[in-house]
Amino acid sequence: MANGDSPRLDPDIAAVAYDDARDAKQLSPAENADLCAGCVQCCTYLTIEIDAPRVAWEYDQWIWALHHEGIELYVERPERWFLHVGARCRQLTPAGRCGIHGHHPVLCREHDPRSCERRYPLSDLRAWFHDAGELEAWIRRERPAHWARLAAHRDAATRAASAPTAGFVALAALTRPSPGPRATEARGAGTV
Ligand code: SF4
Ligand code: SF4
């Protein structure tokens with residue numbers, strides 16, 4: 001990945017040229033360079049598989065996350081959810097090369113440029129959420145029962161925030177300044 005030193009090849013030609021049964025780690029540096037020439041795409045984000053949301057607070061958590069820049073979610077069939085974080089690797093040089101090539105993580109070495117996202121879109125993609133609105137629309141459309149629970153979760157939070165609580169009233173009563181001995185004495189003196 002991102003170690004291109006060779007002249008740029010047409011991605012389609014490169015894909016055919018190295019379309020064999022070898023493991024990605026068996027590709028030579030020159031082959032990797034040809035395949036990745038002019039591309040740094042997979043060095044500019046990371047993905048982490050997450051538990052598929054089911055309950056209201058889980059949806060609420062991911063809606064919150066999707067309000068943040070650089071955060072996206074996608075779902076693969078049958079149902080595997082992934083967090084997608086836009087983040088350029090610190091080891092990617094301005095020239096678009098891996099600054100630690102040769103001792104870069106195994107995870108990078110196992111990423112196969114013959115079948116990577118530059119050449120093939122995700123074939124088992126079910127949904128992609130670029131922002132919170134897209135996830136909310138999907139829940140409403142695809143999982144109406146979950147959407148109803150999320151709406152109830154939000155309504156409950158709104159009611160709790162707007163209603164005066166018994167606890168607050170009790171605390172206010174406890175902390176209200178008491179008359180004190182002097183005031184009691186004065187009141188008592190006045191009634192004699
Ligand atoms: S997306 Fe593919 S072609 Fe681009 S740097 Fe990564 S492995 Fe290479
Ligand atoms: S370590 Fe190197 S190959 Fe791996 S993501 Fe960073 S720049 Fe890319």
Side-chain angles (χ1 to χ4, degrees), residues 1-54 57-139 141-143:
M1 308 199 306
N3 54 354
D5 280 316
S6 302
R8 178 183 297 201
L9 294 183
D10 181 289
D12 295 332
I13 294 173
V16 172
Y18 301 114
D19 185 15
D20 55 45
R22 284 177 298 163
D23 182 87
K25 296 196 289 297
Q26 294 176 296
L27 295 174
S28 71
E31 288 173 317
N32 269 305
D34 283 346
L35 288 159
C36 295
C39 180
V40 295
Q41 195 173 333
C42 62
C43 302
T44 59
Y45 68 85
L46 55 92
T47 57
I48 301 167
E49 187 164 6
I50 58 173
D51 291 337
R54 283 284 178 277
W57 71 262
E58 293 171 327
Y59 286 114
D60 188 69
Q61 169 187 273
W62 292 119
I63 288 166
W64 164 75
L66 284 167
H67 281 301
H68 292 72
E69 292 175 3
I71 299 295
E72 299 180 8
L73 290 181
Y74 65 93
V75 187
E76 287 183 358
R77 293 186 180 85
E79 188 173 0
R80 296 178 66 194
W81 286 65
F82 293 87
L83 175 66
H84 183 286
V85 183
R88 185 182 170 94
C89 177
R90 290 192 179 96
Q91 304 305 334
L92 186 60
T93 70
R97 297 181 190 156
C98 177
I100 55 171
H101 187 70
H103 52 282
H104 53 321
V106 174
L107 190 147
C108 303
R109 302 177 201 201
E110 289 177 340
H111 194 66
D112 196 332
R114 294 167 299 183
S115 57
C116 67
E117 59 271 48
R118 182 188 194 184
R119 295 183 170 82
Y120 300 104
L122 284 172
S123 58
D124 46 2
L125 189 64
R126 187 171 163 187
W128 194 293
F129 310 118
H130 300 90
D131 56 39
E134 289 185 1
L135 176 56
E136 289 181 332
W138 183 86
I139 304 168
R141 185 179 65 249
E142 302 290 330
R143 296 182 170 173

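Remember, it's 1-based here, ligands and their atoms both numbered in the order they're listed.
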What closest approach, in Å, do [X] and [Y] show between heavy atoms, and which atom pair accounts for it?
X	Y	answer
Asp112	Arg114	OD2-NH2, 2.6 Å
Ala132	Leu66	N-CB, 3.5 Å
Glu58	Ala52	OE1-O, 4.4 Å
Leu35	Arg119	O-NH2, 2.8 Å
Pro29	His101	CB-NE2, 4.5 Å

**Asked** Taking non-hydrogen atoms only, is Asn32 closer than 4.0 angstrom to ligand 1 via side chain, backbone, both or neither?
**Response**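 No part of Asn32 comes within reach of ligand 1.
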Can you name the atoms of ligand 1, numbered from 1 with element, that are less than 4.0 Å from a heavy atom of [X]?
X	result
Cys116	1 (S), 2 (Fe), 3 (S), 7 (S)
Pro113	7 (S)
His111	7 (S)
Gln41	1 (S)
Leu35	3 (S)

**Message:** Please evaluate residues Glu142 and Arg126 with respect to the criterion salt bridge (Lys or Arg N to Asp or Glu O under 4.0 Å), reporting the C-alpha separation (whole Å), side-chain torsions for both, the decisive distance (0.1 Å), and the verdict.
**Reply:** CA-CA 12 Å; Glu142 302 290 330; Arg126 187 171 163 187; 5.7 Å; no
Numbered atoms of ligand 2 (with element) below 4.0 Å of [X], judged on heavy atoms:
X	result
Cys108	1 (S), 3 (S), 4 (Fe), 5 (S)
Cys89	1 (S), 5 (S), 6 (Fe), 7 (S)
Pro105	1 (S)

**Item:** Selected option - heavy-atom contact closest to atom 5 (S) of ligand 2, from Gly102, Gly96, Cys43
**Value:**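 Closest candidate by heavy-atom distance is Cys43.
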**Asked** Nearest non-hydrogen atom to atom 7 (S) of ligand 1 belongs to which of Ser115, Gly38, Cys42?
**Response**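 Comparing heavy atoms across Ser115, Gly38, Cys42, the nearest one to atom 7 (S) of ligand 1 lies in Cys42.
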**Side-chain donor/acceptor of His111 to backbone N/O of Leu107, under 3.5 Å** =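 The answer is no, because no donor-acceptor pair under 3.5 Å joins these two groups.
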**Message:** Pair Arg54, Glu79 - check salt bridge (Lys or Arg N to Asp or Glu O under 4.0 Å), show working.
**Reply:** CA-CA 12 Å; Arg54 283 284 178 277; Glu79 188 173 0; 3.0 Å; yes
**Request:** Taking both backbone and side-chain atoms into account, decide whether Cys39 has an N/O/S atom under 2.8 Å from atom 8 (Fe) of ligand 1.
**Result:**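 Under 2.8 Å: Cys39 has no N, O or S contact with atom 8 (Fe) of ligand 1.
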**Message:** Aromatic contact between Trp138 and Trp81, with the criterion being ring centroids under 6.0 Å apart: yes or no?
**Reply:**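 Yes, the ring of Trp138 comes within the 6.0 Å limit of the ring of Trp81, centre to centre.
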**Request:** Please state whether the separation between atom 2 (Fe) of ligand 2 and some N/O/S atom of Cys98 is under 2.8 Å?
**Result:**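 So Cys98 does bind atom 2 (Fe) of ligand 2 by this criterion.
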